[in-house]
Amino acid sequence: EAGVAQSPRYKIIEKRQSVAFWCNPISGHATLYWYQQILGQGPKLLIQFQNNGVVDDSQLPKDRFSAERLKGVDSTLKIQPAKLEDSAVYLCASSNRTGELFSYEQYFGPGTRLTVT
Amino acid sequence: SQQGEEDPQALSIQEGENATMNCSYKTSINNLQWYRQNSGRGLVHLILIRSNEREKHSGRLRVTLDTSKKSSSLLITASRAADTASYFCATVNTGFQKLVFGTGTRLLVSP
């Protein structure tokens, strides 16, 4: 089974520029997540999709970040304009709820390391 | 916001020794999960323990959960150099359908 794919793996941009990240989840996984992981910290959830609908975007800085999941499969996360503090690894994950109690086991992609200069 | 706090922040041991990492959290949980992250890579799910469970095993991993103390521990027995990574606990809070990660423990296993 193919894992979660992300691209690009690395990106360097200047502040105020825009950038987009792409994620392809595991086939059949209805739930997709974008996380931001700042160096030395744990991942922080930015947005969660269930199929192509947004479940939780409470921690997404909506003035500069946007995300979409067209057709309930691939997803893109965009930052426009970028700030220095956006330098981080952006992780995509997917999951498939199973069982009586949701397991919430998530499968992560390799991430995109963004450096804003 | 971070829910869990791992302790210690960093741990350095020799191959063959056991490694114990602790996680404390603040609110009621549905389940608690442990993930491993190798340098520059994504996270890998290790084990999940539900709030009504007290102990769980998977290979060389042993996880305990004490909901009265709001804490969990991850024990890696007979560690190997390949276990070198950061380990994160993550909780699924009661009523909230998402994972909240802790700050992580960096484990270094020397040959």
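The figures that follow rest on heavy atoms only: side chains count, while hydrogens, waters and symmetry mates do not.
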Review point. If you take all heavy atoms of A:F108 and B:L43, which pair is closest and at what distance?
Key: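 Reported closest heavy-atom pair: CB-O, 3.3 Å.
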Determine whether more than 12 heavy atoms belonging to other residues, nucleotides or ligands lie under 6.0 Å from atom [atom1] of [X].
X: A:R9; atom1: CZ; value: yes
X: B:L75; atom1: CG; value: yes
X: A:L39; atom1: CG; value: no
X: A:Q80; atom1: CD; value: no
X: A:R16; atom1: CZ; value: no
X: B:K56; atom1: NZ; value: yes

**Study point:** Spacing of A:K44 atom NZ and B:L99 atom CG [to the nearest 0.5 Å]
**Key:**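 The CG atom of B:L99 is 15.5 Å from NZ of A:K44, to the nearest 0.5 Å.
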Practice item. Begin with the C-alpha distance, continue with both residues' side-chain angles, and end with the deciding distance and a verdict on side chain to side chain contact (heavy atoms under 4.5 Å, CB included) for B:Q33 and A:Q106. Key: CA-CA 10 Å; B:Q33 304 178 31; A:Q106 297 184 15; 5.7 Å; no
Practice item. Could you look at A:Q37 and say if it's the side chain, the backbone, both or neither that has a heavy atom under 4.5 Å from chain B? Key: side chain
**Study point:** Atom group of A:T112 that falls short of 4.5 Å from chain B, counting heavy atoms
**Key:**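 For A:T112, no heavy atom lies under 4.5 Å from chain B.
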**Study point:** Criterion side chain to side chain contact (heavy atoms under 4.5 Å, CB included) on A:Q41 and B:F88, from CA distance to verdict
**Key:** CA-CA 10 Å; A:Q41 299 182 18; B:F88 294 90; over 6 Å; no
Revision key, fill the gap. Honestly, the part of B:Q9 sitting under 4.5 Å from a heavy atom of chain A is neither
